[in-house]
Amino acid sequence: MSRAAPSAFRGRSTVDGVFPEHRPRRLRSTAALRRLVSETTLRPRQLILPMFVAEGATAPRPISSMPGVVQHTRDTLRKAAVEAVQAGVGGLMIFGVPANRDATGSGAVDENGILNVALRDLRAELGDSTVLMADTCLDEFTDHGHCGVLDDRGAVDNDATLAVYADMAVAQAEAGAHLLGPSGMMDGQVGVIRRALDEAGHTETGILAYSVKYASAFYGPFREAVDSQLKGDRKTYQQDPGNAREALRELELDVEEGADAIMVKPALSYLDVIRLAADASPVPVAAYNISGEYAMVEAAAANGWLDRERTILEVLTSIRRAGADMILTYWATEAAAWLD
């Protein structure tokens with residue numbers, strides 16, 4: 001006995017066989033149709049540009065593992081920031097690269113430290129025309145490269161680090177940041193920062209919490225970008241790449257402590273976690289398309305193995321499709337121009 005044809009292929013007979021009644025290709029036949037029925041939007045306002053500014057730099061310093069990305073001078077940072085805002089990019093995340101480091105990362109809380117100076121520069125230049133964000137973490141500022149201060153055994157001291165984060169957060173708010181990005185994965189960091197901001201009168205300064213940050217191999221190029229002094233790894237505070245339920249617990253805790261938005265980092269290897277976060281989060285969800293993901297695409301494109309523009313847009317679309325409301329990406333300015 002012959003097996004019945006699937007319902008999608010039942011229909012009128014023709015000389016060539018069974019005529020398909022369902023033709024999804026109809027809605028793909030022209031660019032206008034494809035645009036009309038597109039399920040996922042990718043707009044410049046959803047992109048955030050991470051930027052590096054180096055203390056004492058007299059010219060932009062190329063980052064060899066991230067072609068096209070540089071450590072800016074204060075002047076070139078301002079120019080590149082204006083360009084990004086004019087392109088329609090939704091926000092800027094600023095990282096400082098100090099000339100000198102110490103065990104406690106004191107440059108992070110110094111009002112004359114490179115990150116706080118750069119924030120003041122940008123707030124004066126741009127006002128409220130963009131969302132100015134600051135990396136609220138010590139790793140760029142410590143001589144050991146960890147995201148917190150160390151105890152006498154050389155381990156990261158969670159609670160001692162929180163006290164420094166509180167001071168750092170107030171300094172960044174006073175320098176003009178609209179949103180702070182605590183990325184150190186210390187327990188209780190969001191609550192401590194929220195209280196410190198409120199007590200200092202910065203009740204309008206928001207927190208974009210790096211709630212779900214994995215101990216990833218894809219951070220390698222970023223270490224070059226900030227001249228990281230890290231020896232070893234951060235597995236005692238960043239998450240195990242195999243864990244997903246843990247991510248939801250971290251997210252819930254950060255929201256309870258006062259996070260205004262949360263982040264998943266990295267993005268491409270954790271699209272499933274982005275979807276989990278988007279389904280569970282009562283606040284906006286960001287995802288960080290990180291340095292290693294950027295470097296892989298750039299290397300493949302440079303070798304002629306990938307169509308660069310199509311690949312970049314596919315990467316960013318996949319992150320949006322997974323559920324991210326906003327994406328931190330080093331392609332933000334360039335992609336914004338393509339999208340317009």
Side-chain angles (χ1 to χ4, degrees), residues 43-51 53 77-78 81-82 84-86 88-96 108-138 161-186 188-213 250-265 277 281-288 324-328 332:
R43 304 304 304 148
R45 66 175 179 81
Q46 296 161 337
L47 305 179
I48 298 165
L49 178 64
M51 307 179 79
V53 58
L77 180 76
R78 283 194 295 266
V82 169
V85 173
Q86 290 175 342
V89 166
L92 311 171
M93 175 65 79
I94 312 303
F95 297 86
V109 301
D110 183 353
E111 66 177 1
N112 295 314
I114 182 58
L115 180 52
N116 294 324
V117 168
L119 289 169
R120 286 198 297 274
D121 287 344
L122 293 179
R123 189 61 185 270
E125 183 77 34
L126 299 167
D128 293 331
S129 64
T130 191
V131 181
L132 184 58
M133 309 177 189
D135 180 56
T136 311
C137 193
L138 294 178
T161 298
L162 295 181
V164 182
Y165 282 1
D167 292 340
M168 185 178 187
V170 172
Q172 292 176 342
E174 291 178 349
H178 296 96
L179 287 179
L180 306 187
S183 60
M185 292 298 290
M186 297 295 118
Q189 62 184 14
V190 172
V192 165
I193 288 172
R194 183 70 271 157
R195 285 193 296 273
L197 291 172
D198 290 351
E199 289 171 2
H202 297 292
T203 57
E204 298 301 312
T205 304
I207 299 174
L208 169 57
Y210 288 62
S211 300
V212 185
K213 184 176 180 180
E250 290 277 10
L251 183 160
E252 182 180 3
L253 290 170
D254 281 356
V255 171
E256 287 179 357
E257 291 175 21
D260 299 285
I262 65 98
M263 188 190 299
V264 177
K265 181 180 180 180
S281 177
V283 300
V285 175
Y288 201 143
D325 299 295
M326 45 198 165
I327 305 170
L328 284 83

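Bear in mind that the values here come from a model prediction, so they are computed numbers and not experimental data.
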Notebook entry, point to check: At their closest point, which heavy atom of Asn116 faces which heavy atom of Ala108, and how far apart are they?
Noted result: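 Here Asn116 and Ala108 meet closest at ND2-O, 3.4 Å.
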
Would you mind reporting whether [Y] and [X] have side-chain heavy atoms less than 4.5 Å apart?
X: Arg78; Y: Leu122; answer: yes
X: Glu174; Y: Thr205; answer: no
X: Asp121; Y: Leu77; answer: no
X: Leu162; Y: Gln189; answer: yes

Within this structure, what is the [atom1]-[atom2] distance for the pair [X] and [Y], rounded to the nearest 0.5 Å?
X: Tyr288; Y: Leu208; atom1: OH; atom2: CG; result: 11.0 Å
X: Cys137; Y: Met185; atom1: SG; atom2: CE; result: 11.0 Å
X: Leu328; Y: Lys265; atom1: CG; atom2: NZ; result: 8.0 Å
X: Thr136; Y: Leu180; atom1: OG1; atom2: CG; result: 4.0 Å
X: Ile193; Y: Asp167; atom1: CD1; atom2: CG; result: 10.5 Å
X: Met93; Y: Met51; atom1: CE; atom2: CE; result: 13.0 Å

Item checked: Set of residues satisfying salt bridge (Lys or Arg N to Asp or Glu O under 4.0 Å) with respect to Arg123, sequence neighbours excluded ->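 By the salt bridge (Lys or Arg N to Asp or Glu O under 4.0 Å) rule, Arg123 matches Asp128.
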
Notebook entry, point to check: Among all residues two or more places apart in sequence or in another chain, which pass the salt bridge (Lys or Arg N to Asp or Glu O under 4.0 Å) test with Asp110?
Noted result: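 For Asp110, no residue satisfies salt bridge (Lys or Arg N to Asp or Glu O under 4.0 Å) once neighbours in sequence are set aside.
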
Item checked: Residues forming a side chain to side chain contact (heavy atoms under 4.5 Å, CB included) with Ala200, sequence neighbours excluded ->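 In terms of side chain to side chain contact (heavy atoms under 4.5 Å, CB included), with neighbours along the sequence ignored, Ala200 is linked to Val170, His202.
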
Next item on the list: Taking ring-ring contact (aromatic ring centres under 6.0 Å, His included) as the test, write out the residues that go with Phe95, two or more places apart.
Entry: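 ring-ring contact (aromatic ring centres under 6.0 Å, His included) list for Phe95, sorted by chain: Phe52, Phe222.
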
Check: Applying salt bridge (charged side-chain N to carboxylate O under 4.0 Å, His left out), which residue pairs with at least one partner in residues 196-213 are found, sequence neighbours left out?
Finding: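 Counting only pairs at least two positions apart or across chains, the salt bridge (charged side-chain N to carboxylate O under 4.0 Å, His left out) contacts touching residues 196-213 are Arg194-Asp198.
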
Is there a donor-acceptor pair closer than 3.5 Å between any side-chain N or O of [X] and the backbone N or O of [Y]?
X: Thr130; Y: Leu132; answer: no
X: Arg43; Y: Gly88; answer: no
X: Glu250; Y: Tyr210; answer: no

Next item on the list: Determine which pairs satisfy side-chain hydrogen bond (donor to acceptor under 3.5 Å, both in side chains) with at least one residue from residues 251-263, sequence neighbours left out, and list them in order.
Entry: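 Sorted pair list: Ser211-Asp254.
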
